[in-house]
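Only one structure is covered here, and it is reproduced in the block below.
Throughout, a chain's letter reflects where its sequence line sits, starting with A, and its residues are numbered from 1. Note that the coordinates shown come from a computational prediction; the quantities given were computed from them, not determined experimentally.
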2 protein chains.
Amino acid sequence: MTEAAGHTPHHHEGAPAEDTGERTPQDYETRVSPFVEQFAADLTEAGMQRMAARVFACLLASDDGALTSAELSERLRASPAAVSGAVRYLAQVNLISRRRDPGSRRERYLLHQEVWFTAVAGRDNVLGRLRNTMHTGLGELGPDTPAGQRLGEAVEFFEFLQRELDQVLVRWRAHRSGRSR
Amino acid sequence: MTEAAGHTPHHHEGAPAEDTGERTPQDYETRVSPFVEQFAADLTEAGMQRMAARVFACLLASDDGALTSAELSERLRASPAAVSGAVRYLAQVNLISRRRDPGSRRERYLLHQEVWFTAVAGRDNVLGRLRNTMHTGLGELGPDTPAGQRLGEAVEFFEFLQRELDQVLVRWRAHRSGRSR
DNA sequence: CGCTGGTTTCACAAATTTATGAAGTTAAGG
DNA sequence: CCTTAACTTCATAAATTTGTGAAACCAGCG
């Protein structure tokens, strides 16, 4: 059956602002789902495939950052096939990993540790590709042409950016572990 | 975000080939165009609309970073309509500006100063949007829930990233002017 | 072995995105 | 004013991307 295992609503009073307290199962529909969809939309806008974005967002909003195919399928009202495809992509780009719960034939898809970290590293890759293409183009155009100048500067910028980005990530690690972990 | 993670060493591949000197008109076809298309493909892969990417790449590879609609249309073998749309988009996101040469009815589209700078700032915008959506979601989910925890951390990461990114850009400015300008 | 729950693959339908020709605008130049 | 070069808008055709149902797979379990 499809009863959402592991999604026991946690009750929390004393919540911030105007949270009256109770968390009902309907909360998913009224509160979580809108967020998931909005976030997915943002990601899509930013270039990620739609379904992958939805799955990713859904995991992000789930209690323990992990859901089974069936759960995703239900929450997103999407076919298992669609989930399968999205999940394959996300695993490919290292945003999630798939885990086989021993004793059960269902699989759990869970957010990679430090997802955002990974995501930024990924961005780093596309920067690298752009940089390489420009570097090659520089060879074709000749570094002495006006266009070549511009390209050269761009290449420099990208290299600079990549170095800096790496350091930013290092700094984040420091920042992070410095406060609670 | 779209591509995978992992840390590809930022290797500079093959040095630019020998530049024999002459530049013929056919050079555009044989040398420039392939670069333009490849670069556009990279940008498309990274999420930019195809035609916009082509126009942008074309401008980047042009001698003075500026071309008329007709020139773009010819070099890209695309209809004026397509160019028009692409150009509108690029202006929208502040990557190019349009200039009306007084006395001529044609318009010139030129790369914005410090394009890459702008581009990164733009990326910053999408980061901001994601951050905001997450922040809102945090309100809905409650910061005391497991998902809320995760979200909160993500928001922090994004804020950190944005601050750092700003500084990186400042540093680039310094770096840049420190060497020649 | 042979089911059976669970996931993946495949062919195809639906939705979206792109690009185009043609008609519509706008303003320079007579 | 009227012409006309140049850009834009619009409806539509073409290409791509998405998502789905149904069939194929693949272990575990009895």
Side-chain angles (χ1 to χ4, degrees), chain A residues 1-6 36-37 40-59 66-93 96-110, chain B residues 1-3 33 36-37 40-59 66-93 96-110:
Chain A
M1 288 311 157
T2 342
E3 220 329 61
V36 168
E37 295 305 330
D42 291 353
L43 286 175
T44 300
E45 173 103 4
M48 185 184 279
Q49 333 181 326
R50 197 176 337 189
M51 196 62 200
R54 297 219 299 149
V55 166
F56 182 76
C58 196
L59 286 171
L67 295 169
T68 67
S69 177
E71 289 168 327
L72 285 167
S73 192
E74 188 205 325
R75 300 191 184 192
L76 298 173
R77 301 180 179 289
S79 75
V83 170
S84 173
V87 147
R88 173 152 47 85
Y89 172 78
L90 289 172
Q92 185 98 33
V93 299
I96 69 173
S97 48
R98 16 192 16 160
R99 170 175 305 166
R100 194 104 208 168
D101 272 327
S104 176
R105 34 191 102 160
R106 64 181 58 149
E107 215 159 41
R108 293 170 66 70
Y109 307 110
L110 52 131
Chain B
M1 47 209 58
T2 292
E3 283 312 296
S33 180
V36 168
E37 295 305 329
D42 290 353
L43 285 176
T44 300
E45 173 102 2
M48 184 184 280
Q49 333 181 323
R50 197 177 334 188
M51 196 62 199
R54 298 218 300 149
V55 166
F56 182 75
C58 197
L59 285 172
L67 294 170
T68 67
S69 177
E71 289 169 324
L72 285 166
S73 192
E74 190 207 323
R75 299 193 184 192
L76 297 173
R77 301 180 178 288
S79 75
V83 171
S84 173
V87 148
R88 173 152 49 84
Y89 171 78
L90 290 173
Q92 186 99 31
V93 299
I96 69 173
S97 47
R98 16 191 16 160
R99 171 176 305 167
R100 195 104 207 169
D101 273 328
S104 174
R105 31 190 104 159
R106 64 183 56 152
E107 214 161 39
R108 293 169 67 69
Y109 307 109
L110 51 129

[X]: which residues meet the side-chain contact (heavy atoms from CB on, under 4.5 Å) condition with it, sequence neighbours left out?
| X | result |
| --- | --- |
| B/Arg106 | B/Thr68, B/Ser104 |
| A/Ala40 | A/Ala53, A/Arg54, A/Ala57 |
| B/Arg99 | B/Asp101, B/Leu110 |
| A/Glu45 | B/Arg129 |

Separation of [N] [atom2] from [X] [atom1] (nearest whole Å):
| X | N | atom1 | atom2 | result |
| --- | --- | --- | --- | --- |
| A/Asp101 | C/dG5 | CG | C1' | 15 Å |
| A/Arg99 | C/dT7 | CZ | C1' | 18 Å |
| A/Glu74 | C/dG6 | CD | P | 14 Å |

Sequence neighbours excluded, which residues qualify as ring-ring contact (aromatic ring centres under 6.0 Å, His included) partners of B/Tyr109? none
List the residues meeting salt bridge (Lys or Arg N to Asp or Glu O under 4.0 Å) with B/Glu71, not counting sequence neighbours, and say none if there are none. none
From A/Arg108 atom CZ to A/Arg100 atom CZ, the distance as rounded to the nearest 0.5 Å: 13.0 Å
Donor-acceptor pairs under 3.5 Å, side chain of residues 81-91 of chain B to any protein atom, not counting sequence neighbours: which ones?
none

Nt span of DNA chain D in reach of chain B heavy atoms at under 4.0 Å, 5' end first, is D/dT4 to D/dT9
Using a 4.0 Å heavy-atom cut-off, write out nucleotides 9-30 of chain C from 5' to 3' as B (base contacted by protein), S (sugar-phosphate only) or - (no contact). B------S--SBB------BS-
